[in-house]
Structure formats: structure tokens, C-alpha cells
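Some notes on the structure that comes next.
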Number of protein chains: 2
Amino acid sequence: LHPQMKCTRCKALASFQFPFHNLKLCEDCLDIFFQKHVAKTIKKYQMLKTGEKIMLGVSGGKDSLVAWKVLHDLGYTPVGVHFDLKLGEFSERSVTACQNMAQRFGYELRVYDLNAMLGVTVQEIAWANRRPYCAVCGGIKRYYFNMLCKKEGFDCVATGHNLDDESARLLGNMMRGNQRYMVKQWPLTPASEDGFFSKKIKPLFLITEAEIKAYAKVHGLEVLGEICPKSKGATSPHYKAAMNLMEQHMPGTRRSFMMQFLGEKDGPPQAERLKSYCGSCGYPTFIEKCSHCLLLDRTKRWLQEKNIQTLAGQDQSS
Amino acid sequence: LHPQMKCTRCKALASFQFPFHNLKLCEDCLDIFFQKHVAKTIKKYQMLKTGEKIMLGVSGGKDSLVAWKVLHDLGYTPVGVHFDLKLGEFSERSVTACQNMAQRFGYELRVYDLNAMLGVTVQEIAWANRRPYCAVCGGIKRYYFNMLCKKEGFDCVATGHNLDDESARLLGNMMRGNQRYMVKQWPLTPASEDGFFSKKIKPLFLITEAEIKAYAKVHGLEVLGEICPKSKGATSPHYKAAMNLMEQHMPGTRRSFMMQFLGEKDGPPQAERLKSYCGSCGYPTFIEKCSHCLLLDRTKRWLQEKNIQTLAGQDQSS
């Protein structure tokens, strides 16, 4: 950024430059621009009706904390839900980042001990079922978001996924030819017809990481900059790096890639019709038990066979 | 490459390693493997019938010289066609690389002075029509390949495009949502129904640059390592770099990306049906004149208006 560069909107000295928007902004105009952009995204994809109660997944990272703030500034009152994974200091810092945010701005935060809720740990499930940690963690969180949303009377689950995440995911799906997953990529996923799967919304779907970082800086948000220690071996950073490289040389690639993909679709994925429910927990499933309960069953059997005490409820790093 | 690494096929010391094939090869086995792989590709996509006469576009770079050699070794006798663009020393070295190859192995080479054939230079066409040099050069070469193929009695035009080129092109088309171009991406393009557009084949479509470099090294081919001085500003290197990054971290990505794309198609693009021909040159067109003749007309007018003498037939660097 050249020190003499002027804000495109108000001609004050600019603090941020976004080549993909062909825009330079000062701190005040960034704030206005950002809010408007999120408001437009929410409206365009019909994410929210007036008065709807929002449960927002908050990790403590920049995306979710920024989503928390901007949604409040737009007049919504999302309740933050954080799943504590008890992964030692990383988890402690994650919880603290969420708590500090809630305290500073007076937001409501609910913290859940995921392992205690499960009765076993996510790591034990991953080992017992020979699945990658990230896949288990993601699936389990989805399960509890749906469960809590319904049980606690929320209308939808919001997450902080941004354009960098979503475009990298789309690239990965295209690389692997995952048509099935691409069908589901949309800023909004409607609730299932029986209301069991909650509506999911991604208000930052069209906002880049660069804009989110700028917004976090303007508001002095104390976001956690670390990535989860269990995320080693994940492929998404490689797709992200490839997207970054293209964006760097051809500004606007990320956005036009996503917009043309969305433009080819008619609208959000169809609401799921669910006909069968898990005999153990009541969660929708296509077989007699849902995958959450199957995973848990196998994990408990595995712990018994190996004669291991679960670490659920304890700190995992100890 | 570890100095003690053994060839997967014969257990001799390996000279090359291809993580995407999970394969290590010595020089002899690389040669056999490479030939077989090309032969299989030609067969799978039904590129050639026995006795067909092949015109091979040769630039002097590794891809086309390797294609020239491997096709000969497989029993074909492709005639090399080189378009000399008279871009100073780069063009001189390109012609020399093709001539040395022809002389060393006894291959037939025909060199054409593209600017002299046009009566104006490619650069003049680009300026007069405000088009990128690369786009003009590609379009004009396509025109003359079709013309020469028909006129000189060849059955098809072969080019050295490799998997790195084609996967980067596919990525670029996906990024930009170019459905129209993606439809045409296939190892073979059939001749048009009237036979005016010749059959095009890409025998190295599924072969990576890494394998091509290894093959060139084994045979001591003196390939030109430079890129065209006019290619500055092209976007394809950025898509290539993004593909390289993904391939590096997730070996096999490039190949599986292409294979799943090809797998979703029924086969080669349909043969074009042409109903109208250029009033000037007879080339197929949808309007009264073909784009080659329109470009030339505009260029000649432009030269006249500006009172400039064409540089066609001369060296462009002077």
C-alpha cells in the first residue's frame, strides 16, 4: 500500500487495498463497505427473515468473530456456540478468544464440552473407526449443531465460512469430480422438510479473507491466529494456496469463479426429505442407526476390547 | 532422487521418480514405459488408423520434439511442420532445434515463413486489430495447419500438448466458466464433415511434463528451453503454477482431474458441420469472410492509413 493512497469513497488516506474490487478504503469506509456487502449477501440469498433466532458457530478465529460482530451491527443477535475440544492450550486460547469477545461486546456465548457430551473423545472415535480426526470432528459438530438448534429453539445455524474457504472447497470438489458435494455448495442450505436438519447460512460466503482481516483490524478484534493442531494432513490448505496463487496474478479470479458457479445453479439445494430416524437418538438416518450412534457404539466396543478408560471430560493434552 | 533407489521394473539403479505413478525407473525402462504409454493413449482415443499421414506441428521445444521421436519409434512417420515467426534469435534457435532433430534422426521437416505467407506480420495483425499477439498467432497457425493438411494430402495434424498444458487449460476454463471451450477439450478432434477442418490429435495428452523431460534426457534431445518472447502477459502459466502446487502436495491430482473430466464425457466433440465458406479464400466461416481474411483486410487498411511498410518477409527483431 502506497502511503499516499487515497480512499476510493471519501478521499481520506487509505488503509486497505483490494485489487479484486479495484478499491482502496480508509478504516471508516471499510467498515461501511463491509457491513453493506454482508447485508447484501444475506438479502440476495434470502438467508434470514425478521426476528429469526441465529445460533452462530464460533471457533475463536477471525471468520467467526467477525461474523459475530457484523451480524450484531446489522441488527441481528446471534448467540455464539463454541465446542470446546479440550486440546490443551490451543483449546484454552480458543475458549478465551470467544469469551473475551462476548464480554467486550456483551454477546451471549454458550460453551459445550464436546467430548463430555459424547461420553468418549473425538480422538477415540477417530482411532476406533479409523477415520481422519477432521472428518469425525466435522461430522460430530454438524450433528450437535442440528440437535442444539432444534432443542434450544433456534431458527438456523450460521457459520463464518468465507469466500477463500468456499472457493478452495469448490476447486477441490472440481479436482476430484465430487458432483455430489458441489450440488450442496450454496450460501444457504434449507432446513429438512421435517425440520430436523436446521437451516444453515453462511453470511460471509462472498467475503474474502483479506476483507475479513481488514474488518477485524479496524475493530481491534482479538482473534486467535492459530490453526487447530489436529488439522495436519488436511488437503484444503493446498487448494487454498492454489487459489491464492491464481488470485494474486489474476485479481478477481476467486470471486468470478464462485459467481459463475453459483450463476449456473437455479438456487439453493433442495430441502431434504427424511423418512427414517435413528432408533437410539431419533436423528434422521437412512439405516436403522445414525452415523453418530454407530461411531459411538464402535468406539465404546473398541475401548472395552483394548481395556482403555476414555479421556472424555478431561483435557486431551494431559 | 535417492542414489540407491531401484527401478520398479528391473531393479537396476533408478534415474527418474514419478510420485503420481508411484514409479521409479531406470533410463531403459523409462523409454519402454513412455512408448507404451503413448501407444496406449493413441489406441484408447482411436487417434490413428494404419497408414494415415501425420503432419506434426514442431516448435523446437521439448513437447513437439519428443512427440516427433516417440511417434517415429512407434512406427509412424510424422512430417514436422515449423512456422518460422522471424522473431530474431529466438526464432533462429527454434528453427535450428527442429533442423538438428530432423538431420540427426532423418525426419522430414518443412519450414514455413508465416509472415511471408500472410503478406503482413503477426505483430501487425495484432496491432491493427487490437488483439493479443498469442491469440492472433494461435488462430493463424490453426488456419494454416488446416489449409496445409488438406492441400498437402495429410490425414491429420498432431501437436505435442501434454497433460500439464491440458490440465492447466481445463482449470482455466473451469475458473472462467468457459463451458464452450471445455466441450472441445479431448485428445482427438474429428475432421469436419466436409473434410475442411482436419482431424487433430494430441498423442501426449495424458503424459506429464516430468515424463517428457525424462524422455528427452534419455535420448539426448537438444530441445529449446526458452519460451516465446511474445508470450508475456499470458495467463496459462498461472494456471499451470496452481496445478503444479496441487500436484506437488497431492501427487496424482493432475491426472485424476483430467481423467474424471474425460470420464464424464461420452467421447470426442462432434464433427463440425460447415455450410458456409469464405468468399476470399474458401475457408469455412459463419459470415461472408473468414476471420483470417477479415484480420488481413483490416491489417492492410491499417498499414495503408498509417503509411507503414509491412515487415513481412524480414526478420522482426531488426
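In this text, all values refer to a predicted model and were calculated from it rather than measured experimentally. Residue numbers start from 1 in every chain, and the chains themselves are labelled A, B, ... in the order their sequence lines are given, proteins ahead of strands.
Within 6.0 Å of NZ on B:K213 lie no more than 12 heavy atoms contributed by other residues, nucleotides or ligands. More than 12 heavy atoms of other residues, nucleotides or ligands lie within 6.0 Å of NZ in B:K240, so this atom counts as buried by the packing criterion. Within a 6.0 Å sphere centred on CZ of B:R142, other residues, nucleotides and ligands contribute 12 heavy atoms or fewer. Counting non-hydrogen atoms of neighbouring residues, nucleotides and ligands closer than 6.0 angstrom, the CD atom of B:E226 exceeds 12 such neighbours. By the neighbour-count criterion of 12 heavy atoms within 6.0 Å, atom CZ of B:R93 is densely surrounded, having more than that number from other residues, nucleotides or ligands. Atom CZ of B:R298 sits in a crowded spot, with more than 12 heavy atoms from other residues, nucleotides or ligands closer than 6.0 Å. Counting heavy-atom neighbours within 6.0 Å of A:K265 NZ, excluding the residue itself, gives a total above 12.
Contacts of A:L171 with chain B are made by side-chain atoms alone, with heavy-atom separations under 4.5 Å and no backbone atom involved. For A:M258, no part sits under 4.5 Å from any heavy atom of chain B, backbone or side chain. Neither the backbone nor the side chain of B:M259 comes within contact range of chain A, judged by heavy atoms closer than 4.5 Å. Only the side chain of A:M250 comes within contact range of chain B, with at least one heavy atom under 4.5 Å from a heavy atom of that chain. For a residue to count as touching a neighbouring chain, one of its non-hydrogen atoms must lie under 4.5 Å from one of that chain's; by this rule B:M246 touches chain A with the side chain only.
Checked by atom type and distance alone, the side chain of B:Q260 pairs as donor or acceptor with a backbone atom of A:M174 at under 3.5 Å.
Put simply, of B:M243, B:R176, B:H249, the one with the most heavy-atom pairs under 4.5 Å next to chain A is B:H249.
Taking every heavy atom of both residues into account, A:L245 and B:A242 meet most closely at CD2-N, 3.6 Å.
To the nearest 0.5 Å, the span separating CD on B:E264 from CD on A:Q179 amounts to 5.5 Å.
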